[in-house]
Structures are given as structure tokens and as C-alpha cells.
Asker: 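Mind looking over this structure? Questions follow.
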Amino acid sequence: MKKKLIAGNWKMNGSLAANEALVTALIAGMVNTNCRVAVCVPAPYLQQVQRLVTGTAIELGAQDVSQHESGAYTGEVSAAMLRDFGTRYCLVGHSERRQYHGETDSTVAVKAQRALASGITPIVCVGETLEEREAGRTEEVVKRQLAAVIHTNGHCISELIVAYEPVWAIGTGKTATPEEAQQVHAVLRGQLRAATEQADRMFILYGGSMNAANAATLLSQSDIDGGLVGGASLKVPDFLSIVAAAQ
Ligand code: PEP
């Protein structure tokens with residue numbers, strides 16, 4: 001059985017002092033951890049957190065990557081730059097990027113490609129809005145988002161991670177029920193199976209108000225291979241409880 005992956009998304013939170021305290025406490029609390037753990041940190045803190053996690057069980061992730069390789073793209077951070085700081089994972093297409101920065105399915109697909117080309121595992125986020133769910137369009141939306149990534153990345157998709165994050169569950173305290181989440185994960189798994197023979201060894205994470213209380217039941221679903229955790233990843237006891245639930 002594959003080990004679960006719990007990835008924290010710090011979003012635009014943190015400071016040198018807060019990061020050091022958080023990561024140090026996580027390392028101290030992760031004795032005999034039997035799952036994979038990553039923290040996706042704001043780009044300016046990659047170097048600091050790289051130093052803090054080197055030699056520990058925590059892996060380093062970023063929250064975004066440029067769709068361009070290099071050049072006149074002021075403010076952008078390339079995949080090669082992320083790689084320079086030992087970045088192992090990179091979130092791609094988080095709903096906050098799609099919503100506030102106009103990222104389209106094709107931009108997300110190219111970003112995933114850039115990450116893969118630099119040896120970084122993209123964690124590609126897909127998910128429907130509340131309006132789309134209520135209109136019965138969940139399956140159509142997540143399949144469309146994933147199809148763009150499959151189309152652009154071909155057989156390389158076996159190297160990426162998918163995160164199902166219903167937009168209505170992110171930061172709201174509302175979580176998909178384990179059954180609702182499993183249903184969408186099974187759809188995504190089926191889509192991956194049609195694209196690669198490696199689909200069953202790929203990771204599909206659930207994200208959206210995962211917390212200490214709901215993690216165990218979500219993570220016990222057959223197609224949920226881990227969690228992408230926002231708010232709770234900033235609270236040491238909560239994040240450690242989720243990690244413990246993933247054992
Ligand atoms: C996220 O930002 O990816 C996320 C899942 O956030 P939260 O856990 O706070 O809903």
C-alpha cells in the first residue's frame with residue numbers, strides 16, 4: 001500500500017520567526033511518522049525552510065511556478081529557480097490562483113509541464129465551485145480541468161499529483177463528506193487510468209477544510225491518497241493530528 005502524502009499549503013502566511021517555530025515544532029512532533037509530509041511555502045521562504053527541513057522527514061514545496069522558462073516576466077519565479085532551493089513539489093492551479101490571477105486550464109497545464117521539466121512534482125489542483133456543484137456539473141468541471149493537463153503532458157502525467165479541492169470547501173470550514181470526495185476521486189482515477197497505466201500508483205489528494213476531526217475518515221477512502229491542508233497546516237497540533245491520521 002502506498003504511504004499517504006500530507007501537504008501543507010501555508011498560503012501567504014508566515015515570517016522568518018513564525019516559520020522557524022512552526023517547522024521546528026513539526027519536526028519534533030513527527031517521531032516515527034509513517035507517511036510523506038510536505039510544506040508548500042511562500043517563495044521568499046524557500047531557502048529558509050530548505051535549511052530547516054534538510055535531513056528531516058519533511059519535504060519542501062512551493063505554491064506556484066511561472067509558465068515561462070526564463071526572461072522578461074517581472075515578478076515571476078521559474079521552475080529552475082524553485083529547483084535551486086531543493087523544491088520537491090509545487091502547487092499548480094490552486095483555485096485562488098485560478099480565481100484571483102485568471103489562470104486558465106491551459107496555463108495550469110503548461111505550469112505543470114514546466115515543473116515536470118525541472119524535476120519538480122506538480123500538485124495539480126482541480127475542483128468545482130458551489131454554483132457548479134449545485135448545477136450538477138462537478139464531474140464535468142474536474143474532468144475538463146484534468147483533461148487539459150493530460151493533453152499537454154502526455155505520458156508524463158504519471159509523474160504528477162492531483163489534488164481535488166472543491167472550491168466551496170476551501171477555507172470555509174465546509175468539507176465534502178468522505179463519500180462525496182471519494183466519488184470525485186474515483187472519477188479522476190478513472191480519467192487517469194484512461195491516460196496512463198500508472199494511474200493506480202498516482203496520488204490523488206483531497207483538500208478543503210481538512211482538519212484533525214475529519215482527516216481520518218476522508219483518508220480512509222479508497223481513492224484518497226492524502227491531503228492538501230491549508231488553514232490547519234499553520235497550527236502544529238492540528239497538522240500533526242492530520243499526519244497521525246494518515247499513518
Ligand atoms: C488549500 O488552500 O489548499 C486548502 C485546502 O485550504 P483549507 O484547508 O484552509 O480549506
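All values below were derived from every heavy atom in this structure, side-chain atoms included, with hydrogens, water molecules and symmetry-related copies excluded. Just so you know, ligand 1 is whichever comes first in the structure, and atom 1 is the first atom listed for that ligand.
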Asker: Under a 3.5 Å threshold, I'd like every N/O contact between ligand 1 and protein atoms, with atom names and distance.
Answerer:
{"residue": "ligand 1", "atom": "2 (O)", "partner": "Asn9", "partner atom": "ND2", "Å": "3.1"}
{"residue": "ligand 1", "atom": "2 (O)", "partner": "Lys11", "partner atom": "NZ", "Å": "2.7"}
{"residue": "ligand 1", "atom": "2 (O)", "partner": "His94", "partner atom": "NE2", "Å": "2.9"}
{"residue": "ligand 1", "atom": "3 (O)", "partner": "His94", "partner atom": "NE2", "Å": "2.9"}
{"residue": "ligand 1", "atom": "3 (O)", "partner": "Glu165", "partner atom": "OE1", "Å": "3.1"}
{"residue": "ligand 1", "atom": "3 (O)", "partner": "Glu165", "partner atom": "OE2", "Å": "2.7"}
{"residue": "ligand 1", "atom": "6 (O)", "partner": "Lys11", "partner atom": "NZ", "Å": "3.4"}
{"residue": "ligand 1", "atom": "8 (O)", "partner": "Ser209", "partner atom": "N", "Å": "3.4"}
{"residue": "ligand 1", "atom": "8 (O)", "partner": "Gly230", "partner atom": "N", "Å": "2.8"}
{"residue": "ligand 1", "atom": "9 (O)", "partner": "Gly231", "partner atom": "N", "Å": "2.8"}
{"residue": "ligand 1", "atom": "10 (O)", "partner": "Gly171", "partner atom": "N", "Å": "2.6"}
{"residue": "ligand 1", "atom": "10 (O)", "partner": "Ser209", "partner atom": "N", "Å": "2.8"}

Asker: For Asp64, enumerate each residue passing the side chain to side chain contact (heavy atoms under 4.5 Å, CB included) test, keeping only those at least two apart in sequence or located in another chain.
Answerer: Arg97, Glu103, Lys111

Asker: Specify whether Tyr164 and His185 have parallel, tilted or perpendicular ring planes, treating 30° as the upper limit for parallel and 60° as the lower limit for perpendicular.
Answerer: perpendicular

Asker: Using atom types as modelled, flag every donor-acceptor pair under 3.5 Å from a side chain in residues 234-247 to any protein atom, sequence neighbours excluded.
Answerer:
{"residue": "Ser241", "atom": "OG", "partner": "Pro237", "partner atom": "O", "Å": "2.8"}
{"residue": "Gln247", "atom": "OE1", "partner": "Asn34", "partner atom": "N", "Å": "2.5"}
{"residue": "Gln247", "atom": "NE2", "partner": "Val243", "partner atom": "O", "Å": "3.4"}

Asker: Testing the 3.5 Å rule here: is there a donor-acceptor pair between the side chains of Asp105 and Gln145?
Answerer: no

Asker: What pairs of donor and acceptor atoms, side-chain ones from residues 192-200 against any protein atom, are under 3.5 angstrom apart with sequence neighbours left out?
Answerer:
{"residue": "Arg193", "atom": "NE", "partner": "Asp200", "partner atom": "OD1", "Å": "2.8"}
{"residue": "Arg193", "atom": "NH2", "partner": "Asp200", "partner atom": "OD1", "Å": "2.9"}
{"residue": "Thr196", "atom": "OG1", "partner": "Gln198", "partner atom": "N", "Å": "2.9"}
{"residue": "Gln198", "atom": "OE1", "partner": "Arg201", "partner atom": "NE", "Å": "2.8"}

Asker: Taking the basic N atoms (NZ, or NE/NH1/NH2) and the acidic carboxylate oxygens, is any pair closer than 4.0 Å for Asp225 and Arg189?
Answerer: yes

